There are 4 protein chains.
Amino acid sequence: MSDNHMIDEIIDKNENLTEKQKLILEAAIESFAEKGYAATSTSEIAKKAGVAEGTIFRHYKTKKDLLLSIVAPMMAKLIAPFVIKDLNKVLNQDFESLEDFLRAMIHNRAEFLNANIPLFKIVLQEIPFQPELQKQFKEHIAIKVYERMEAIIKHYQENGQLIDLPPYQVVRMTASSIFGFLIGRYLLFPELDWDDEQEIEATIQFILHGLAPKEKA
Amino acid sequence: MSDNHMIDEIIDKNENLTEKQKLILEAAIESFAEKGYAATSTSEIAKKAGVAEGTIFRHYKTKKDLLLSIVAPMMAKLIAPFVIKDLNKVLNQDFESLEDFLRAMIHNRAEFLNANIPLFKIVLQEIPFQPELQKQFKEHIAIKVYERMEAIIKHYQENGQLIDLPPYQVVRMTASSIFGFLIGRYLLFPELDWDDEQEIEATIQFILHGLAPKEKA
Amino acid sequence: MSDNHMIDEIIDKNENLTEKQKLILEAAIESFAEKGYAATSTSEIAKKAGVAEGTIFRHYKTKKDLLLSIVAPMMAKLIAPFVIKDLNKVLNQDFESLEDFLRAMIHNRAEFLNANIPLFKIVLQEIPFQPELQKQFKEHIAIKVYERMEAIIKHYQENGQLIDLPPYQVVRMTASSIFGFLIGRYLLFPELDWDDEQEIEATIQFILHGLAPKEKA
Amino acid sequence: MSDNHMIDEIIDKNENLTEKQKLILEAAIESFAEKGYAATSTSEIAKKAGVAEGTIFRHYKTKKDLLLSIVAPMMAKLIAPFVIKDLNKVLNQDFESLEDFLRAMIHNRAEFLNANIPLFKIVLQEIPFQPELQKQFKEHIAIKVYERMEAIIKHYQENGQLIDLPPYQVVRMTASSIFGFLIGRYLLFPELDWDDEQEIEATIQFILHGLAPKEKA
DNA sequence: AATGAATGAGGATTCATTCAT
DNA sequence: AATGAATGAATCCTCATTCAT
């Protein structure tokens, strides 16, 4: 809940930024999300932001710089809860059941994404084409986050709440289910009526049953 | 197996196409998949295809035309098995168990995608930006395919093999799990060693358990 | 006389060039000579040539390419008479006296430059800033040409027509005198009335006396 | 010796200049000499000088102003020794022989240029493109200086030390020889080992012999 | 069917200059 | 005096598209 509204955070509350710079970032996020990075022109961003085109380049050396200055903090924030130092401790104390942990995590990240849909779209769409982003993604998500998740998974496997699959499979299946929901909810069919609580609950149950330990005879 | 190798099918075996046209399509697919539609120039495609720049426009009125002529048949083929007329019949006879049906479907589509990764990438990446594609996607996938799936889901729900959730949720969870695997397998970490049989089997079990009907007292 | 009119030769008579390409070269030469390479814009060249700006870049990858395609052949032609294979032979037979040789050379090169003043200006003005040109200049002029001149100088020193200074000094003084005349004549004060024959003759006499062998007692 | 080190004089010792102004001039001289006026940006100068971009324009209304404020005093200093009021008197008393006069002049100007190579480069390179400079050059060099030289030349012609050519030819040949040396020495081949004393002496002898009066029968 | 020269609008970026602080 | 953010025109260059051959 506390780290929602990335756009606010990386833009409005950032006192290092000029007024114009904020306008540029807002305009860039909107356009990149809507038409993609490559199909958005800097003149278009300038016009939307109400600044001169030169102003963009005073603050961001290149157009790609502008993109990275938007996406990099988003990726950092996106994975932040997975890399807080005392995730493990918190875990043992607060979430005795996997179900509660899953529920907390999903709610937390869903709220975060819900508050940052355009940024999320940009990240999803540009990672395949921007090697810098891929590098960041692999280094942070695939390594730091994965390490944490592995520990947590082993913890729940040891106390018998989780099937004994290789951790990466557990991660893949959980992540697929969660992102599958979020992508359907926010990117594919945002115009439909969604009962978020119920959808999340169903997703949690799906994961839990899908990953339930095998019954022993 | 039979409908694999889209690229071959929509290019090499298509006798309506000039030799040059085939070269253009191959070059375009390669470049679009690698750098994205917007970031690929027609002159680049011409060079890679070894044809004159003008030749592209003799066959495709615009660059977008070229994209659509690549993506539209791919989308059609992708969903083909779900819209064959006698899917339902085949179903009743061939797949008494949901597990067998799922296994057959996943194998079939995974092979298809495996044989058409660049095309799959293009579809995934361009749908968000091309309204024409979105329209096709929604009309075909979300409607035709969904109708079929709904029938099949109801069938398995009626004979007690499937949890009693709204069909769209069943579709979402199943699709998430399958695409989650495929995206990880082919797009995110293609360089890793994957034991495809085992991964698919684990995915099937995850879906089956996740969607197993509630045990009745 | 035969190799005058470089502009004609590198432009009008070159059948490899498009009509437009010729217009571009003419316009570029005129503008570069008048305002310098850096201060001439490609849009200006296009306008003067009556072609679209893009046309320039279809034929010359970059603006610098355009410059080099103008200057390189000029430099080659400029030094051509000094590197013809049988310069030495011709020399012995045709020019028994240093005076005749000097007169022939000066007339020849003066006519050449007279016919190519804008190109000569471009060469002079851009060499200090274009490393590629400096390289060409040093490799061709300073080495190939110098070797030839050295042989000729030694020849005239041996038969007692030339002072016994190091060849590079002889070259420097001769070149200074000739270029000094040409620069004054064509670049600094082209608007004055010059009696070319008389000026050249005076220059030749200046060089000859300046480089006359010391009288022996 | 006394008027060497123009850069020092027009910059460091000039108490009218702010500290920042001095930094700007130094940076501008370095950049203009290296890349040419047109190819040097004001932001580059600002960066090299360690001042804000705006600071340049506080002191120099335009970029061209900055150039002129560098070049004009250089041109003035360059010709200063030729326009001192009592050059003629000094002449009669101090330099009975043309040779001594030439030697003194060459040494003096060579030292001056040696101490101001970048400024000299800028003057040479920008005169062809800056009408203001051409005007100054013609008015001062070609007129004031030329008048003095004419008087001196006539003086030495009258006392039989100099050939009876039109003074402008004498000037041209002398100037060519001297500048020919300086350009070779400082601009074309500064990396070679030069024995300055010997080169200057040879140049003087070349001029003297080249301009020696015809022997009378 | 195929070419490739030609186009001119539009691309990202740099420029000299201004002005509020 | 000095700053540096802001400007928008101009920079070089690329683009998708056209058309005569």
Side-chain angles (χ1 to χ4, degrees), chain A residues 17-21 23-24 38-47 49-66, chain B residues 17-21 23-24 38-47 49-66, chain C residues 17-21 23-24 38-47 49-66, chain D residues 17-21 23-24 38-47 49-66:
Chain A
L17 301 179
T18 328
E19 197 52 45
K20 304 265 172 185
Q21 220 166 337
L23 293 168
I24 290 168
T40 299
S41 76
T42 51
S43 82
E44 195 185 331
I45 294 171
K47 205 170 294 166
V51 306
E53 207 172 345
T55 306
I56 293 176
F57 291 92
R58 170 155 296 277
H59 295 292
Y60 305 93
K61 262 204 335 245
T62 63
K63 189 187 164 194
K64 185 158 290 171
D65 239 50
L66 174 57
Chain B
L17 299 179
T18 337
E19 196 52 44
K20 304 265 173 186
Q21 216 165 341
L23 293 168
I24 291 168
T40 298
S41 75
T42 50
S43 82
E44 195 185 332
I45 294 171
K47 202 174 297 165
V51 307
E53 294 190 46
T55 306
I56 292 175
F57 291 91
R58 175 151 298 278
H59 296 291
Y60 305 94
K61 232 169 32 172
T62 65
K63 188 187 166 194
K64 186 157 291 172
D65 242 49
L66 173 58
Chain C
L17 301 180
T18 327
E19 197 52 46
K20 304 263 173 187
Q21 219 166 338
L23 293 168
I24 291 167
T40 299
S41 75
T42 51
S43 82
E44 195 185 331
I45 295 170
K47 205 171 295 165
V51 306
E53 206 171 346
T55 305
I56 293 176
F57 292 94
R58 168 156 296 276
H59 296 291
Y60 305 94
K61 264 205 331 242
T62 65
K63 190 187 164 194
K64 186 158 292 172
D65 239 49
L66 173 58
Chain D
L17 300 179
T18 338
E19 195 53 44
K20 304 264 174 189
Q21 217 166 340
L23 293 169
I24 290 168
T40 299
S41 76
T42 51
S43 82
E44 193 186 333
I45 294 170
K47 200 174 295 165
V51 306
E53 295 190 47
T55 307
I56 292 175
F57 291 91
R58 174 150 301 278
H59 295 291
Y60 306 93
K61 236 171 27 175
T62 64
K63 188 188 167 193
K64 187 157 291 174
D65 243 48
L66 174 57

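In the text below, chain A, chain B and the rest are named by the order of the sequence lines, each starting its count at 1. Quantities reported herein were computed from a predicted structural model and do not represent experimental measurements.
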>> Could you tell me the boundaries of the chain D footprint on DNA chain E, defined by atoms under 4.0 Å from its heavy atoms?
In response: E:dC15 to E:dT18
Please report the shortest heavy-atom distance between [X] and [Y], naming the atom on each side.
{"X": "D:Thr40", "Y": "D:Lys63", "result": "O-NZ, 2.8 Å"}
{"X": "C:Tyr60", "Y": "C:Ile24", "result": "CE1-CG2, 4.3 Å"}
{"X": "C:Phe57", "Y": "C:Thr42", "result": "CZ-CG2, 3.6 Å"}

> Roughly how far, to the nearest 0.5 Å, is CG of D:Leu23 from CG of D:Leu17?
Replying inline: 10.5 Å
Could you list the protein-to-nucleotides 9-11 of chain F atom pairs, N/O on both sides, closer than 3.5 Å?
none

> With both distances under 3.5 Å as the test, what is the Watson-Crick or G-U wobble partner of E:dT21?
Replying inline: F:dA2
> Can you tell me the Watson-Crick or wobble partner of F:dT11, both distances under 3.5 angstrom?
Replying inline: E:dA12
>> I'd like to know whether A:Ser43 forms a side chain to side chain donor-acceptor pair (under 3.5 Å) with A:Glu53, so could you lay out the CA-CA distance, the side-chain angles of the two residues, the decisive distance to 0.1 Å, and finally the verdict.
In response: CA-CA 6 Å; A:Ser43 82; A:Glu53 207 172 345; 4.8 Å; no
>> Main chain of C:Gln21, side chain of C:Thr18: is a donor-acceptor contact present, judged purely on distance under 3.5 Å?
In response: no
> Under 3.5 Å, side chain of C:Lys20 to main-chain N/O of C:Ile56, donor-acceptor pair present?
Replying inline: no
>> In whole Å, I'd like the distance from the CZ atom of C:Phe57 to the P atom of F:dA16.
In response: 17 Å
>> Here's a test of your reading of the structure: between A:Arg58 and C:Arg58, which maps to the more 5' nucleotide of DNA chain F?
In response: A:Arg58
> Taking the nucleotide of DNA chain F with the closest heavy atom to each, which residue, D:His59 or A:His59, is nearer the 5' end?
Replying inline: D:His59
> Should C:Lys61 be listed as having a side-chain N or O under 4.0 Å from OP1 or OP2 of F:dC12?
Replying inline: no
> Starting at the 5' end of DNA chain E, which residue's closest nucleotide do you reach first, B:Thr55 or A:Lys64?
Replying inline: B:Thr55
